[in-house]
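What follows is one structure encoded as C-alpha cells, with my remarks underneath.
By convention in this document, chain letters (A, B, ...) are assigned in the order of the sequence lines, proteins followed by strands, and residues within each chain are numbered from 1. Just so it is clear, the values below take in all heavy atoms, side chains as well, and ignore hydrogens, waters and symmetry mates.
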Protein chains: 6
Amino acid sequence: MKITLINFFILSLISFTHASVVDFCVADYKAPNGPAGYSCKKPSTVTVDDFVYHGLSISGNTSNIINAAVSPAFDAQFPGVNGLGISIARLDLAVNGVIPLHTHPGASEILVVVQGTICAGFVASDNTVYLKTLQKGDIMVFPQGLLHFQVNGGGSTALAFVSFSSANPGLQILDFALFKSDFPTPLIVQTTFIDAAVVKKLKGVLGGSG
Amino acid sequence: MKITLINFFILSLISFTHASVVDFCVADYKAPNGPAGYSCKKPSTVTVDDFVYHGLSISGNTSNIINAAVSPAFDAQFPGVNGLGISIARLDLAVNGVIPLHTHPGASEILVVVQGTICAGFVASDNTVYLKTLQKGDIMVFPQGLLHFQVNGGGSTALAFVSFSSANPGLQILDFALFKSDFPTPLIVQTTFIDAAVVKKLKGVLGGSG
Amino acid sequence: MKITLINFFILSLISFTHASVVDFCVADYKAPNGPAGYSCKKPSTVTVDDFVYHGLSISGNTSNIINAAVSPAFDAQFPGVNGLGISIARLDLAVNGVIPLHTHPGASEILVVVQGTICAGFVASDNTVYLKTLQKGDIMVFPQGLLHFQVNGGGSTALAFVSFSSANPGLQILDFALFKSDFPTPLIVQTTFIDAAVVKKLKGVLGGSG
Amino acid sequence: MKITLINFFILSLISFTHASVVDFCVADYKAPNGPAGYSCKKPSTVTVDDFVYHGLSISGNTSNIINAAVSPAFDAQFPGVNGLGISIARLDLAVNGVIPLHTHPGASEILVVVQGTICAGFVASDNTVYLKTLQKGDIMVFPQGLLHFQVNGGGSTALAFVSFSSANPGLQILDFALFKSDFPTPLIVQTTFIDAAVVKKLKGVLGGSG
Amino acid sequence: MKITLINFFILSLISFTHASVVDFCVADYKAPNGPAGYSCKKPSTVTVDDFVYHGLSISGNTSNIINAAVSPAFDAQFPGVNGLGISIARLDLAVNGVIPLHTHPGASEILVVVQGTICAGFVASDNTVYLKTLQKGDIMVFPQGLLHFQVNGGGSTALAFVSFSSANPGLQILDFALFKSDFPTPLIVQTTFIDAAVVKKLKGVLGGSG
Amino acid sequence: MKITLINFFILSLISFTHASVVDFCVADYKAPNGPAGYSCKKPSTVTVDDFVYHGLSISGNTSNIINAAVSPAFDAQFPGVNGLGISIARLDLAVNGVIPLHTHPGASEILVVVQGTICAGFVASDNTVYLKTLQKGDIMVFPQGLLHFQVNGGGSTALAFVSFSSANPGLQILDFALFKSDFPTPLIVQTTFIDAAVVKKLKGVLGGSG
C-alpha cells in the first residue's frame, strides 16, 4: 500500500460515510415534537452523556402512603432513547410498598426483580387474572395496555427494573385517573358503579375534585 | 391492433399479475394465528361476503343493567378486516344507557353519533379529564389505551359507531377486570384503595370471586 | 392515614406523572410536519375541543354532477387524530349520487351505511371485482390502495361514514387524476388506451388541460 | 490461552447463540401465510439459494401490444425477501414500450434506468402530475399507492429495475382493473364517466366481460 | 338493582367480551412461525407461567475465556414475549469479563448495571466511539444495529440486565461471525484487511474453518 | 351536462381534495428532523426534481485502495425518499474492487448486478456464511443488520444497484468502526481478540487513533 493511495482512499470515501450519521435521534427538548417523538439534536452536539442516565442509580423516596416510588427514564427524561422504541424505569418498594393498579397505553413491559420479593399481576381483556410471586432474578412480562400492579411480597425492601417497548410508554394510574382528577363524581359513579361516598372519600385522600 | 398481438399480450402478462393477489388476508379461523393476526384464507375461496358484515345492522339488546350494548366487528367476528389495521363496533344506548369505563389496549378510537345525544370522555395520563356532550353527527377521538366512557346524554335512545385503528383493538372494562374476575379482594383493596366492602358488593353484583 | 403522609404522597409522585403527558399529539398546524404527521401542540394548550369535530354533523352539498359529497375529518381538518392512525369522513349520496372510482394510497377503509342503500365495490390486484348492495347498518371493508367506489343504490338519499386506518389516508380520484389535471393527453392515451377524443371530452367537463 | 478454557468457552456460549437464528424468514409456500407474510422455512433447510434470484437475468418477452414486460421478484417468487420489507422487479421496454398506468397498494417504488431512456410520471392526490424523462443511471421515486407509468422515451430498448418498500407491494393495473375484469360496464360508466362504447371496446381488446 | 336484571346484564355482554381475548400471543413452538413471530398458543392453554421466566435468576457460567456469560430471554426462550416487541437478557461478567463486540440486527438495547462496574461502548456509523464507565444503577442505551461491547470495569463481579426493543433482537458476535464460521479466510482478508495469519490464529482458537 | 352544474361540481369538491395533498414528505433540510425523518417541504414548493436524482448516473471514483466506490441516494442526498421507507445506492467495483464487510443497522438490502460479476455474502447470527457469485441480472437479498460484503468476482469492472427497506438505512463499515476511529486499541484488543500490533497497523493505514 502506498501512501498516495491511502489519501485517495480517505478522500473518496467521504461521500460514503456522509449518509450514515443518523443511527439515532437524541431528543432536542427545545424543538417541536411530533407523533414519532422529539426532534433530533444536531449530531455535532451529541455526546456519550446523551446515551447514559444516572437518575435511576439512587433509591426513590418511599416515604409516602404507597411506600413505593417509580423513577422513569422515558424519552422525556432520557434524551438518548428518543425514537428507539425502548425505555426503562426503577421501582422501589419498601415493606408494604404498592405500585397501584395502572396501565401503559403505549407499551408492553418486562419486569426483573433485583432485590426482595414482588407479587405482580395483570388482568386480561377476558377478565382472567394472572398473578405471580416473583423472587430475585425472576422476569415477568405485562402485555400492552392491560391493568397491572406490583406489591412488595416480602418482609424487606424490594427493587425492580421495568423496561418498555416504547420510548414513551405512557402511564395511567387508575386511582389517580379517578380520584386525583376533576372527573365529576356523578359520572364516576355512573361509569364504575362505585358508590359516591367511596369516590368522595378517595378524592379527599388523593386530592381530586368535582 | 391485430388479434394475434392481443393473444401475445394476454399470455405475456400472466406472470405480471401472478405476484399481486395478496392485497388482503381474509381470516382463516381454522389455521394458526400469530402476532399480526389470523392466517389468510386461500384466495380462491374469498368472496365479497368476507368483506361485508351484517351483524351491526340490528340494535343490540339493551335490556340489562347498563341499558346499553356493544356489538363488535373485530377480526374475530369480521374476517375481512384481518391484517388491515381497522375495525368497527356499534354502540346502542337506551335512555340512561352507559358504556362503563374501559380501555382498548391496542387501538385509538373514533366515535360518530348517529342518533341521540352522547356524553363521552376520557382521562389522560396526567389525570386531565376531557368531557364533551356530543350531538348527532359529532365526532370524538379517544387516544389509544386511555380510560374512556360513553353515556346517553339525552332523553331518547342513542346510537353510535366506533372505529378502531386495529383489527384487534382489545377491550378491557374496568368493572369487569376488578369485579367480574377472580382478582383476590385483598389485592384489589391494596392496589386501588377501594374498601373491601365495596369490592365485595360489586363482585356480588357482577359475578366476581376471590 | 395521616395528612402529613398525604403530602408526601402527592409530592413524591410528581416525577411519576411527569413522563406521561404525551398520550396524544394534537396537530400544531403552524409548526413543521414530518413523515409521521404534524408537530404536537403544547399540552397546556390542548382542550377537549381538539378531540371533537363538528364538521360532519351537516350534510355535504350534493348539488353537483355527482350528486354526492365527501366531507373528510383527516388530520388536516381534525387536529386530534394526528398520529393516532385513524380518521373518518362523511359520504352524502343524493338519488343517483356517485362517489367516483378512487383509491386511498395510505389506508384501508371501513364503511357503515347510516341511511339508505349503497352499492359499493372494489377491484383487487388480480382484477377480481367485489360488489355488494349494502343496507342500513351494513359494513364493508376496502383494503388499502385498491380502486373502489360507492353509488346510491336506492331511491332516496343515502348517508354513510367511512373510517380509515390512518390519520392521513390520502385520496386519489381516478377521473380527477386523469381529466382534472394537466396530464398530457398523448401520455394518457398511451398509458390507458382510452381514445384521445374521450380524454379531451372528459378534460373539458372536469377542467383538465394538456 | 489454554485449550481447556477454549472448550469451556465454546460450550458456555451455546445458549448465547441459540436465540439468534431468526434473522430472516425464508418463505415456506406450503405452510399458512398471514398478514405479515409467509410462514418461515425451518432454518436447517435454508441455503444461499433462498437469498438469490436468477429470474430477472433474462429479458422479459416484449412481443405484445404494450411492447413491454414486467418481471417481479416479490415474496411470491423470491422466498428470501419474505418479511424483509423489500422486493424488486425488472422492466423491459422495447421501442414504444409502455408500462400502463398502475398503482402499488402496499409500497413506494424507486426506479433506476439501466439502459435507454424512460419517460415516467405519477399523479398526486391533488392531481398534480410529476413527469420526467430519465436517462441511464437516473433514479425516480414513486410514493406509495399513487397512479404512475413508465414509457420508453427513446428509439432503442430500455431496461430498468424497480425496488419496493415491501416484500409484497401489490400491483393494480388501471386498464386491467376496468377492462380485463368483469366490472359491470354500467358501473364503470357511472363511476368513471367514460362512455359505454369506449368501455366495451377496451373490454373487447383486453378480455373483460360484464 | 334487581337480580333478574343482573342476569340480563351478564348474558347480554357475552358477545361484548368475546372479541377481546387476544391481548397477547404466547408462542406455540410447535406451530409455524412467520415474520411477526411464533403462532399463538390457544388462549385456553395459557397460564401465568407463560408470562414468567425463571431462567435469569441464576448466574451464567463465566468459567470461560471471556469470563462472562449472556443468558437471553428472547421469544425463543420466553414464550410470553412473543409479538410484544420487548425481551431481556442477563449479563454476568466475572473479573476481566468481556462481552465481545457484537450487534443486534433487530433491536435497540438498554443496559442497567445491577452490581459492579461496567465499561461499555458503541460505535456509530460515522465512526464516533461512545464510551462510558457505568456504576451500579446507571443506564446506557445502544441504538439498533450498531457495534457495541461491555467489559467488567472493576475488580469484582459485575451483573447487568439488558432489554431489547424486539422479542427477537438477534445477536451477531463479530468474532464468531469471522472466526467461528466457515467464512473463507481469503474473503475475510479481502473484506477486512486483517492479515491471513491473524485470521487463521483466531479461527484456531474459536473453532472456525475455511 | 350543463355548464352550470359543472361549476357546482368543481366548487363542491374543493373540500374533497383539500385533505389529500400529503402523499409524500419531501425533505426540508433546514427544518428540524425527528425519528421518522426530515420535516416536509411546503407542498407548493415541491417539483418533480425532488423525486428525481441524477447523482448515480456517473461512475464513482474507484481509484482508491478498495478499488471501489459507493454512491448513496439516501434521504440525506435524495429528498424525495424521505419517509417513504426506501432508498438506493450505486456500487462501482473496478477489477479487484471490494466493498468491505459492513452492516446497515436500519434496513434490509437487495442487490442487482448490472454489469460484470460480483461475489457477495453475508453472515447470519448463527455464524452461517451465505456466499454466492452473481452474474449480470442476478439478485441477492441481505437481511437487516447482518455483516455482508461485495467483491468483484471477475476480470472486468462490475456495477450494481442496491436498494434498502428504509430511507435512512445507515451504514457501518467494520474496518472504519475499528480502525478509522478513536476506539482505544486496548479495548479493541479486549473485545475482538485481534492482536494490538494488527490493530495499530490498520489504524495507521486507515487513519484511526487511540
Side-chain angles (χ1 to χ4, degrees), chain D residues 17-24 43 46-58 73 78 80-81 84-88 90 107-110 112-115 121-122 124-132 134-146 161 163-167, chain F residues 17-24 43 46-58 73 78 80-81 84-88 90 107-110 112-115 121-122 124-132 134-146 161 163-167:
Chain D
T17 56
H18 176 246
S20 52
V21 294
V22 208
D23 306 311
F24 41 72
V46 171
T47 73
V48 68
D49 291 323
D50 289 309
F51 302 107
V52 175
Y53 190 69
H54 299 294
L56 307 194
S57 63
I58 53 167
F78 183 10
V81 297
L84 294 184
I86 196 161
S87 59
I88 195 166
R90 173 188 176 123
S108 291
E109 170 184 337
I110 282 186
V112 54
V113 181
V114 166
Q115 181 187 327
F122 69 88
S125 284
D126 67 353
N127 307 316
T128 302
V129 181
Y130 295 93
L131 296 177
K132 196 76 181 185
L134 305 167
Q135 307 300 332
K136 185 180 170 181
D138 283 346
I139 305 295
M140 185 165 178
V141 65
F142 305 89
Q144 178 170 338
L146 298 179
F161 288 94
S163 302
F164 300 94
S165 62
S166 166
Chain F
T17 57
H18 177 246
S20 52
V21 293
V22 210
D23 306 312
F24 41 72
V46 171
T47 72
V48 68
D49 292 323
D50 290 309
F51 301 106
V52 176
Y53 190 69
H54 300 294
L56 308 193
S57 63
I58 53 168
F78 183 11
V81 295
L84 295 184
I86 195 162
S87 60
I88 195 167
R90 174 188 175 124
S108 292
E109 171 184 336
I110 282 186
V112 55
V113 180
V114 168
Q115 182 187 325
F122 69 88
S125 284
D126 66 353
N127 307 316
T128 303
V129 181
Y130 296 93
L131 295 178
K132 196 78 180 184
L134 306 167
Q135 307 300 333
K136 186 178 170 182
D138 283 346
I139 306 295
M140 186 167 178
V141 64
F142 306 90
Q144 179 170 336
L146 298 180
F161 288 93
S163 302
F164 300 94
S165 62
S166 166

Contact class of F:D50 relative to chain D, heavy atoms under 4.5 angstrom: neither
Option in F:K136, F:R90, F:M140 with maximal non-hydrogen atom pairs under 4.5 Å from chain D: F:M140
D:D138 vs F:Y53 side-chain heavy atoms within contact, under 4.5 Å: no
Which portion of F:F161 sits near chain D, non-hydrogen atoms under 4.5 angstrom: side chain
Interchain contact, F:V113 with chain D, by part (heavy-atom threshold 4.5 Å): neither
CZ on F:F142 to CZ on D:F51, rounded to 0.5 Å: 10.5 Å
Heavy-atom contact with chain D under 4.5 Å, split by part of F:L131: backbone
Which atoms of D:L146 approach chain F - backbone, side chain, both or neither, heavy atom under 4.5 Å: side chain
Atom pair OG1 (D:T47) and OH (F:Y130), whose distance is rounded to the nearest 0.5 Å: 8.0 Å
CD on D:E109 to CG on F:L84, rounded to 0.5 Å: 11.5 Å
Under 4.5 Å from a heavy atom of chain D, the part of F:V114 involved: side chain
Non-hydrogen atoms of F:D23 and D:P143 that approach each other most closely: O-CB, 3.8 Å
Reported OG-to-CZ distance for the pair D:S165 and F:F164, which is rounded to 0.5 angstrom: 14.5 Å
F:K132, NZ atom: more than 12 neighbouring heavy atoms under 6.0 Å: yes
D:L56 CG to F:I139 CD1 distance, which is reported to the nearest 0.5 Å: 4.5 Å
Contact origin within F:V52 toward chain D - heavy atom pairs under 4.5 Å: both
Distance (rounded to the nearest 0.5 Å) between D:I86 CD1 and F:I110 CD1: 5.0 Å
